[in-house]
Amino acid sequence: MARTSTVFNFLYASGPGTGFSTQLTPGQLQAALSGWWRCDPERVVRAGLMAVTLGQYVVAVLTGIDGYDGRGDGRYRFHGTLAGSVTELVTPQQWVNPDAPGADRARLLLGRRLESESGGPVAYVGPGG
């Protein structure tokens, strides 16, 4: 069975220290993008991968997602690894963590424009999407 990737528009994360910036270190970026997202957490865990977008372009990818924490308001923080991010937006350049699970998938997604299956801030993208 093909896996569906989960795509999050970073503008919809909620809480201090959330969001995307090319100025953040990988550790800061992982903490900022792990949560708090309003979504279907089980669907994210089933995908095992979360692509974070700016507009429709993938700017970061978390992989190896194997769990989450909720805070009681419908938002979730995910347990995973930052597999890569875009480090320059004008002329897209990427950083990929070669030790991250799914680093090859991250490399393929980073900087790519994704069409989603939903019109909301959390989009679910099928294989090849």
Side-chain angles (χ1 to χ4, degrees):
M1 172 189 268
R3 295 178 85 177
T4 299
S5 299
T6 308
V7 179
F8 289 86
N9 186 316
F10 84 97
L11 295 174
Y12 292 88
S14 173
T18 59
F20 174 82
S21 171
T22 59
Q23 303 302 309
L24 297 175
T25 67
Q28 292 169 322
L29 194 56
Q30 178 164 336
L33 298 178
S34 294
W36 294 94
W37 300 101
R38 185 177 300 277
C39 63
D40 176 348
E42 292 299 326
R43 193 166 181 182
V44 176
V45 171
R46 278 194 309 273
L49 177 142
M50 180 172 69
V52 179
T53 64
L54 174 57
Q56 292 182 333
Y57 293 89
V58 178
V59 294
V61 178
L62 297 170
T63 59
I65 297 174
D66 60 3
Y68 60 90
D69 300 312
R71 65 180 191 188
D73 65 352
R75 292 186 181 271
Y76 304 90
R77 175 178 296 279
F78 294 94
H79 309 165
T81 301
L82 180 65
S85 66
V86 171
T87 58
E88 171 59 48
L89 296 172
V90 176
T91 55
Q93 297 174 22
Q94 57 183 251
W95 165 83
V96 175
N97 176 355
D99 298 324
D104 55 334
R105 292 175 71 194
R107 191 174 286 106
L108 292 173
L109 288 168
L110 287 167
R112 182 174 175 199
R113 183 177 181 188
L114 295 180
E115 297 292 329
S116 72
E117 297 172 1
S118 69
V122 175
Y124 301 97
V125 177

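Because the structure is a prediction, the values reported are computed rather than measured. Side-chain atoms are counted along with the backbone in the values below, which use heavy atoms only and exclude waters and symmetry mates.
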For a side chain to side chain contact (heavy atoms under 4.5 Å, CB included) check, start with the C-alpha distance between Val96 and Gln94, then their side-chain angles and the critical distance, and finish with the verdict.
CA-CA 6 Å; Val96 175; Gln94 57 183 251; 3.5 Å; yes

Distance-only, no hydrogens or angles: does the [X] side chain make a donor-acceptor pair with backbone N or O of [Y] under 3.5 Å?
X: Arg77; Y: Ala31; answer: yes
X: Arg38; Y: Asp73; answer: yes
X: Gln30; Y: Gly80; answer: yes

Nearest non-hydrogen partners of Cys39 and Tyr76, listed with the distance
O-CE1, 3.6 Å

Do you know which two heavy atoms are closest between Ala83 and Ala100, and how far apart they sit?
CA-CB, 3.7 Å

Under the side-chain hydrogen bond (donor to acceptor under 3.5 Å, both in side chains) test, residues paired with Thr91 that sit two or more places apart:
none

Can you hop from Leu33 to Leu89 via hydrophobic side chains spaced under 4.5 Å?
yes

If hydrophobic clusters are built from ILVMFWY residues whose side chains come within less than 4.5 Å, do Tyr57 and Leu24 share one?
no

Measure the spacing between [atom1] of [X] and [atom2] of [Y] and express it to the nearest 0.5 Å.
X: Leu109; Y: Asp104; atom1: CG; atom2: CG; result: 10.0 Å
X: Leu110; Y: Gln93; atom1: CG; atom2: CD; result: 12.5 Å
X: Trp95; Y: Ser85; atom1: CH2; atom2: OG; result: 6.0 Å

Give the intermediate values and the outcome of side chain to side chain contact (heavy atoms under 4.5 Å, CB included) for residues Val86 and Leu54.
CA-CA 10 Å; Val86 171; Leu54 174 57; over 6 Å; no

Walk me through whether Arg71 and Trp36 qualify under side chain to side chain contact (heavy atoms under 4.5 Å, CB included).
CA-CA 9 Å; Arg71 65 180 191 188; Trp36 294 94; 3.3 Å; yes

Return a table of donor-acceptor pairs under 3.5 angstrom between the side chains of residues 58-70 and protein atoms on other chains or two or more places apart.
residue	atom	partner	partner atom	Å
Thr63	OG1	Pro101	O	2.3
Tyr68	OH	Glu42	OE2	2.6
Asp69	OD1	His79	NE2	3.4
Asp69	OD2	His79	NE2	3.0

